[in-house]
Amino acid sequence: MAEFVRTGVEGRIGLIALDNPPVNAAGAALRAGLVAALDRLAADPAVEVIALYGEGRSFIAGADIREFGRPSAGPWLPEICNRLESCEKPVVAVLHGAALGGGLEVAIAAHARVAVAGVTLGFPEVTLGILPGAGGTQRAPRLIGVAAALDLITTGRRIGAEEALALGLVDQVTQGDPRAVALAAAGQVLAGRLPTRRTGDIHITPDPEAIEKTAEALKHSQPHLFSPHRCVEAVATAALPLPEGLAEERRLFRLCMDSPQRAGLIHAFFAERAVAKIREATATPRPVGQIGVVGAGTMGSGIATACLLAGYPVVLVEKSPEALARGSAAIARNLDGAVSRGKLRPEARAALSLDTATAAAALSGCDLVIEAVFEDMSVKQAVLSEIELACPGALIATNTSYLDLNEMAQGLDAPENFLGLHFFSPAHVMRLVEVVVAAETQPEVVATGFALARRLGKIAVRAGVCDGFIGNRIMSAYRKAADLMALDGTPIAAIDAAVRGYGFAMGPFEMGDLAGLDIGWAARKRQAATRDPAARYHGALADRLCEAGWFGRKTGRGWYDHSGDGPVPNPEIPRLLREIQAAEGITPRPLDAPDIVARYETAMIMEAARVVEEGIALRPIDVDAVFLFGYGFPRWKGGPLHQADAIGAAEICARIERHALDNPRFWQVPDILRRMARAGGRFADLNRED
Ligand code: 3HC
Ligand code: NAI
């Protein structure tokens, strides 16, 4: 225990140092150590004041999230906070690095708080599907008022030292090493210059208006989520005597802990971090100075923006001068937007380095070149050769959505320097990048892709080569399921509404209209020759729309008509559908919302299982990360394969087999699911670190 929490005595000051790397999470050992330390110093007659601080990077980053949902041992954080508050000697907490969640709750149970500049404070519990469960919902309103506490607790917003001082969450802001600050703060307490008090003794003014306003706003802004509403209910009890409020907080905390949303949100927290643990992590990334981007269309201009915002000098090459001008203007707009949102200082914008050219020779000084030209194998191969000629030895990346990287690399002299960096649109906004590893890609090239993504502030996920890699491949499958439901007579608006009800921001047809139906049409035409003639053709209706020139929002009509105030389903669809159904002998069988989402979700899980089985994704959690950070999968559901575990492999297999009665070509049980169903296995068991 001594290694997690150490005590020392300097004159009249008792020091408690917390030391649980990397972030001082309040796990069982740290909790036990903290109580023992408090007891020891409280009983030491030499000690008149106690100062609590963290070693290393943080004060306390919160409860140990890894313990959630697993057996652990007391003492528990609420008891510790109560023990701290009731301590007969004044206790001052010194906050540096992160004072989050349970860490901030410990701090506000102390009798005074000194923040070290640069500290991040907040109650991120709501982002994990829970609420501050160690007195935060009771003590924060006492310290900073009900409205300010509601804001921090229901948003999970993280704040800095100055804002915390202005709110009254901390008493002082200072600079320096936490131990030295702790000694100085304790000295001030002894000298009567830093007042101390018990937060629980503060009289609170009820604020029913703030409670009502927040509760009402959350009903509209967070209709799917469980814990934000419980946060409000907990804060609403803060005007009660402290023990009663704490008991109600405990009850609500337990409800949140037991909710499946808590498990999903915590899975998402770890997914974001797990994806960096790849087998190439030990390789040394190559240094990247200047970056080249080829193709200044939608993606090229977004990728160039992302690189510029991260401080890289960029050379943008585009064959068409008009497209180059359009791309440069798009980049300028993106950068202006970053300045106006306060993400980029005007002086920093002026210092960014963007060169443009219409010939590949301009790339000669680049260490990495990312191509984002048309999605066409021969165009891409020609462009890759030009790049290699212009900057031999540089890393070359493709942003292709679907094409085969191994075929693309065939003409390269150094295929070991080649990889996929699959960004998502808009590339300077979306957090996901799939790092696609081709047959000859070297480990340090993969590591460079990950390092670049990190510097761009993105989440990189390792993917193998296949049609569509992890994300687009799985998306193609559930899109197909949606198209098949529409052909079977389920109205597209009902499908979109059901998918929104599941938690996506948009349904597949709304999304199609936004992206443009011509893209999918072109892909279906390309694939026509290899289509299975015995399988039901899912694209029949979409083709008819495209043949009529209805490509979605950009043409005013697609799945929906966009000419009026809001989109309404394209009125021609029922007629087109009747024609197709008559020609194909389809008897309409519209589905209701639960059946729609079950099919959509099952199609997603079915293909995701294959992606894991084939090793395209390293682990199930990588698939989940792709969907959480690139496809708008509802975070509180944790990802498609986290959902699969919640549903159970046997039930998924049963669903697929049931759907296979109508369409055996599309619905086929992947072996991995069949094995799991037999053995009672779960995808979570495969989330080992590779
Ligand atoms: N519990 C367990 N592990 C944690 C943790 C926590 N609270 N916070 C971070 N970690 C782990 C991470 O998983 C990571 O592990 P890894 O190296 O094995 O992947 C490691 O610590 C370092 O974390 P980061 O990579 O995120 O490091 P950063 O320096 O980028 O960020 C941080 C540090 C700001 C502290 C960030 O990790 C963070 O935001 N952590 C979560 C904080 C949080 O949500 N706290 C609330 C917990 S709930 C609670 O307190 C309940 C209470 O009310 C009862
Ligand atoms: P786009 O059509 O907007 O832009 C492509 C640009 O490449 C055009 O400006 C074109 O003039 C230029 N170009 C073509 N040949 C060139 C050459 N030889 N040298 C220099 N420039 C050349 O296309 P978009 O949407 O930006 O897509 C580009 C790539 O990114 C494709 O491979 C696509 O599959 C992929 N992608 C697209 C996404 C999207 O949402 N649009 C998402 C992720 C990947």
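We count ligands from 1, going down the list as the structure has it; atoms in each ligand are counted the same way. Computation of the quantities below employed the complete heavy-atom set of this structure, encompassing side-chain atoms and omitting hydrogens, waters and symmetry-equivalent molecules.
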message: Please report whether ligand 1 has a polar contact with G102, defined as an N or O pair separated by less than 3.5 Å (distance criterion only).
response: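 Right, the criterion is met.
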message: Applying side-chain hydrogen bond (donor to acceptor under 3.5 Å, both in side chains) as the test, list every pair that has at least one member in residues 456-473; sequence neighbours left out.
response: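 Listed once each, the pairs are E280-R462, N472-Y631, R473-E607, R473-E614.
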Can you tell me which portion of [X] lies within the under-4.0 Å heavy-atom range of ligand 1? Options are side chain, backbone, both, or neither.
X: I65; value: both
X: F269; value: side chain
X: L128; value: side chain
X: E272; value: neither

query: Looking at F450, is R454 sitting on its ring face, NZ or CZ under 6.0 Å from the six-membered ring centre and within 45 degrees of the normal?
result: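 The answer is no, since R454 fails at least one limit relative to F450.
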Any side-chain heavy-atom pair from [X] and [Y] closer than 4.5 angstrom?
X: W636; Y: R262; result: no
X: F59; Y: L18; result: yes
X: L152; Y: I144; result: yes

task: Step through it carefully: locate the ring centre of F504, locate the ring centre of F633, and say whether they are under 6.0 Å apart.
output: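 Yes: the rings meet the under 6.0 Å criterion.
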- prompt: Are any of the heavy atoms in E67 under 4.0 Å away from ligand 1?
  reply: no
Quick one: which ligand 1 atoms are inside 4.0 Å of a heavy atom on [X]?
X: E125; answer: 48 (S), 49 (C), 50 (O), 51 (C), 52 (C), 53 (O)
X: R158; answer: 34 (C), 38 (C), 39 (O)
X: F270; answer: 13 (O)
X: P124; answer: 43 (C), 44 (O), 45 (N), 46 (C)

task: Verify whether one side chain among E125 and S227 offers a donor that lies under 3.5 Å from an acceptor in the other.
output: no
- prompt: Do E375 and T400 have side-chain atoms, one donor and one acceptor, less than 3.5 Å apart?
  reply: yes
Distances under 3.5 Å, N/O of ligand 2 against N/O of the protein: list each pair and its distance.
| residue | atom | partner | partner atom | Å |
| --- | --- | --- | --- | --- |
| ligand 2 | 3 (O) | T298 | N | 3.0 |
| ligand 2 | 3 (O) | T298 | OG1 | 3.2 |
| ligand 2 | 9 (O) | E318 | OE1 | 2.8 |
| ligand 2 | 9 (O) | E318 | OE2 | 3.4 |
| ligand 2 | 11 (O) | E318 | OE2 | 2.4 |
| ligand 2 | 21 (N) | K319 | N | 3.3 |
| ligand 2 | 26 (O) | T298 | N | 3.3 |
| ligand 2 | 26 (O) | M299 | N | 2.8 |
| ligand 2 | 30 (O) | N399 | ND2 | 3.0 |
| ligand 2 | 32 (O) | V373 | O | 3.3 |
| ligand 2 | 32 (O) | E375 | OE1 | 2.6 |
| ligand 2 | 32 (O) | K380 | NZ | 2.6 |
| ligand 2 | 34 (O) | E375 | OE1 | 2.9 |
| ligand 2 | 34 (O) | S401 | OG | 2.7 |
| ligand 2 | 36 (N) | S401 | OG | 3.2 |

field: Nearest candidate to atom 45 (N) of ligand 1, where distance is taken over non-hydrogen atoms, out of A61, P78, A63, P132
entry: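 Considering heavy atoms of A61, P78, A63, P132, the nearest to atom 45 (N) of ligand 1 sits in A61.
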task: Going by heavy-atom distance to atom 20 (C) of ligand 1, choose the closest among G156, P21, S58, P22.
output: P22
task: Would you check, one step at a time, whether the test side-chain hydrogen bond (donor to acceptor under 3.5 Å, both in side chains) holds for E248 with T237?
output: CA-CA 7 Å; E248 183 58 4; T237 66; over 6 Å; no
Smallest separation among heavy atoms of F551 and C546, with atom names: CE2-O, 3.6 Å
message: Just checking M511: does its CE atom have more than 12 heavy atoms from other residues, nucleotides or ligands closer to it than 6.0 angstrom?
response: no
- prompt: Yes or no on side-chain hydrogen bond (donor to acceptor under 3.5 Å, both in side chains) for H422 and N399, after CA distance, side-chain angles and deciding distance?
  reply: CA-CA 5 Å; H422 182 217; N399 185 48; 5.1 Å; no
